[in-house]
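Inspection log for the structure reproduced underneath, given as structure tokens.
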Amino acid sequence: MSGGAVASVPEGLLDEGIWFRVEDASTAAAVRRAAERLAAELGISERDTADLSIVAAETAGNLVKHADEGVLLVRPVRVRERAGVEIVAIDRGPGMADVPYSVGDGHSTAGTLGIGLGAILRQATWSDLHSVPGRGTVLAAQVWTGRQAEQTWASGLIRPINGETVSGDAFAIREVDGRRQVLVCDGLGHGPLANAAAQAAVRTFHMTPIAPPAAVVEALHRALGHTRGAALAVAELDADRATLRYAGLGNISGTILNPDGTRRGLVSLPGIAGHQKRQIREYDYPLPPESVLLMHSDGIVDRWSPADYPGLLTHSPLVIAATVLRDAGTRRDDAGVLVARLP
């Protein structure tokens, strides 16, 4: 993860965004400047940028004052020709036993005026927060141009292995003619060559005409022959039939998390997209309306359990993904996670 001076931010922020370790006031200021710079690149109005500055500064400031191992992501969000800036704050701090009370103005545990969280919620176009005492807090906030949020039914996060600036993991989301599909991929190895394979998969996914997941995986396999190759999986969420269609090659993990606490693993076949495959098969699974699809690379371990996070599955896909990345992501590998649910 990168942090410190804003000079470390690349000329053009990629959709993956920039991670910061937020440990002192100087890094908090760099977060605010990075958010303002991204808003300018996206053409966000001065008024909305001013709101974004407050959200960025207060979110980073809260991490400095209250968090343990606080990290923060700044990245663009784009839906249907509209753009916004998204801020995701993750910490392993003490957590909040009473979230509504904690976000109320006047509440403080650090001798401040106690308006930080309240200011974030007021100035953000959209926000979501989940906290568990003893485990920490995840806060997600977006500021959109025009002040109307574009809520998504799926979201994900990626983080490179320690020592690398780019990740070999990637995800993609698309909705075409009412059909909702997602991709998670893990380019072989780490660093720029793994990233090139993953980005080639993302580009092909978006360019391939809408088709069943098995056909999309076949197209991805054909397109990645010039790269290192990747493990990948494609899922389609069918609201009309309450069904999930799933096809994968390699060690991308897929799980359906049900509100009653049960979970169902999804089948991916052995192989490397672009190099080795058997016949690609597609599997159908029941997907009740309140269930959640979780997909991740092998940079996420399987020790995570929703039972340890009361109420989490009722939150946004972004907050769920951030919680999984925080508590199940390993620093010894690229980590990528995606969460989706029927809208």
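Just so it is clear, the structure is predicted and the values come from calculations on it, not from any experiment. In what follows, every heavy atom counts, from backbone to side chain, and hydrogens, waters and symmetry copies are set aside.
Residues Pro259 and Leu313 fail the side-chain proximity criterion, which asks for heavy atoms closer than 4.5 Å. Using a 4.5 Å cut-off on side-chain heavy atoms (C-beta onward), Pro192 and Glu164 make contact. Residues Val319 and Leu312 meet the side-chain proximity criterion, which asks for heavy atoms closer than 4.5 Å. Inter-residue side-chain proximity for Glu282 and Val234 is flagged as unmet; no heavy-atom pair is nearer than 4.5 Å. Residues Ile256 and Leu287 have side chains in contact (heavy-atom distance under 4.5 Å, counting atoms from C-beta outward). Residues Leu38 and Leu52 form no side-chain contact, since every pair of their non-hydrogen atoms from C-beta on lies 4.5 Å or further apart. A 4.5 Å side-chain heavy-atom check between Arg37 and Glu41 finds at least one atom pair inside the cut-off. At least one side-chain heavy atom of Ile120 sits under 4.5 Å from a side-chain heavy atom of Val55.
The two residues Ala322 and Val88 come nearest to each other via the heavy atoms CB-CG1, 4.0 Å. The two residues Ala172 and His206 have their closest heavy-atom pair at CB-NE2, 3.7 Å. Residue Phe205 comes nearest to Val216 through the heavy atom pair CD1-CG1, 3.9 Å, listed as atom of the first residue, atom of the second, then distance. Nearest heavy atom pair, residue Val143 against residue Thr125, reads CA-OG1, 3.3 Å. Counting all heavy atoms, side chain and backbone alike, Ala124 lies closest to Ser127 at CB-CB, 4.3 Å. Considering all non-hydrogen atoms of both residues, Gly329 and Arg159 come closest at C-NH2, 3.5 Å.
Judged by distance alone, with hydrogens and angles left aside, the side-chain atoms of Gln181 form a donor-acceptor pair with the main-chain N or O of Ala211 at under 3.5 Å. Checking side-chain atoms of Trp19 against main-chain N and O of Ile158 turns up a donor-acceptor pair under 3.5 Å. Remark: the backbone N or O of Val301 is not paired with any side-chain donor or acceptor of His296 at under 3.5 angstrom. Side-chain atoms of His221 come within 3.5 Å of backbone atoms of Gly274 as a donor-acceptor pair (strictly under, hydrogens ignored).
For Arg32, the salt bridge (charged side-chain N to carboxylate O under 4.0 Å, His left out) partners two or more places apart in sequence, or in a different chain, are Glu36. In terms of the salt bridge (charged side-chain N to carboxylate O under 4.0 Å, His left out) criterion, Asp333 has no residue partners (sequence neighbours excluded). Not a single ring pair (Phe, Tyr, Trp, His ring centres under 6.0 Å) links His190 to another residue, sequence neighbours left out. Shown here are the side-chain hydrogen bond (donor to acceptor under 3.5 Å, both in side chains) partners of Trp153, two or more places apart in sequence or in another chain: Glu175. The side-chain hydrogen bond (donor to acceptor under 3.5 Å, both in side chains) search around Asp238 returns Arg241, Arg245, not counting sequence neighbours.
Judged as a salt bridge (Lys or Arg N to Asp or Glu O under 4.0 Å), the pairs with a partner in residues 306-325 (not counting sequence neighbours) are, in order, Arg135-Asp308. Sorted by first then second residue, the ring-ring contact (aromatic ring centres under 6.0 Å, His included) pairs that include residues 311-341, not counting sequence neighbours, are His130-His315. Among residues at least two apart or in separate chains, salt bridge (Lys or Arg N to Asp or Glu O under 4.0 Å) pairs with a member in residues 260-278 are Glu218-Lys277. The stretch residues 225-274 participates, sequence neighbours left out, in no ring-ring contact (aromatic ring centres under 6.0 Å, His included) pair at all.
Placement of Val339 and Leu244 in two distinct hydrophobic clusters is found when ILVMFWY residues are connected by side-chain heavy-atom separations under 4.5 Å, directly or transitively. When hydrophobic clusters are built by joining Ile, Leu, Val, Met, Phe, Trp and Tyr residues whose side-chain heavy atoms come closer than 4.5 Å, directly or via intermediates, Leu266 is not grouped with Val337. No path of Ile, Leu, Val, Met, Phe, Trp and Tyr side chains, each step under 4.5 Å between heavy atoms, connects Leu294 with Ile252, placing them in separate hydrophobic clusters. In terms of hydrophobic clustering, with Ile, Leu, Val, Met, Phe, Trp and Tyr side chains grouped at heavy-atom distances under 4.5 Å, Leu338 and Val324 are assigned to different clusters. Criterion: ILVMFWY side-chain heavy atoms under 4.5 Å apart, direct or through other members. Under it, Val292 and Phe171 are not part of a common hydrophobic cluster.
A distance of 8.0 Å separates CZ of Arg341 from OG of Ser316, quoted to the nearest 0.5 Å. With rounding to the nearest 0.5 Å, the separation of OG1 in Thr49 from CD1 in Ile54 is 11.5 Å. For the atom pair CG of Asp91 and OG of Ser131, the computed distance is 7.5 Å after rounding to the nearest 0.5 Å. We find the CG-OG1 distance between Leu342 and Thr243 to be 9.5 Å, quoted to the nearest 0.5 Å. If you take OG on Ser155 and CD1 on Ile173, they are separated by 5.5 Å, rounding to the nearest 0.5 Å. For the atom pair NE2 (His275) and CG (Leu224), the distance works out to 7.5 Å, reported to the nearest 0.5 Å.
Of the residues listed (Val132, Thr323, Leu129), the one engaging Thr137 in a side-chain contact (heavy atoms from CB on, under 4.5 Å) is Leu129, and it is the only one. Applying side-chain contact (heavy atoms from CB on, under 4.5 Å) to Leu318 and the options Thr152, Asp128, Leu157 leaves one that passes, Leu157.
Ionic pairing of Asp51 and Arg122 is not present here: no N-O contact between side-chain nitrogen and carboxylate oxygen is shorter than 4.0 angstrom.
Using modelled atom types and a 3.5 Å distance limit, the side chains of Asp186 and Ser297 yield no donor-acceptor pair. For the residue pair Thr27 / Asp24, a side-chain donor-acceptor distance below 3.5 Å is found, with atom types taken as modelled.
Residue Leu188 shares its hydrophobic cluster (ILVMFWY side chains chained together at separations under 4.5 Å) with Ile272. Apart from Val176 itself, the hydrophobic cluster it occupies contains Ile210, where clustering links Ile, Leu, Val, Met, Phe, Trp and Tyr at side-chain heavy-atom distances under 4.5 Å.
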Tabulate below the donor-acceptor pairs under 3.5 Å that side-chain atoms of residues 194-204 make, not counting sequence neighbours, or state none.
| unit_1 | atom_1 | unit_2 | atom_2 | d |
| --- | --- | --- | --- | --- |
| Asn195 | ND2 | Ser167 | O | 2.8 |
| Gln199 | NE2 | Glu16 | OE2 | 3.0 |
| Thr204 | OG1 | Ala200 | O | 2.9 |

Requested in this report: Let me see the working for Leu257 and Ile320 under side-chain contact (heavy atoms from CB on, under 4.5 Å), right down to the final yes or no.
Outcome: CA-CA 11 Å; Leu257 305 173; Ile320 299 172; 5.6 Å; no
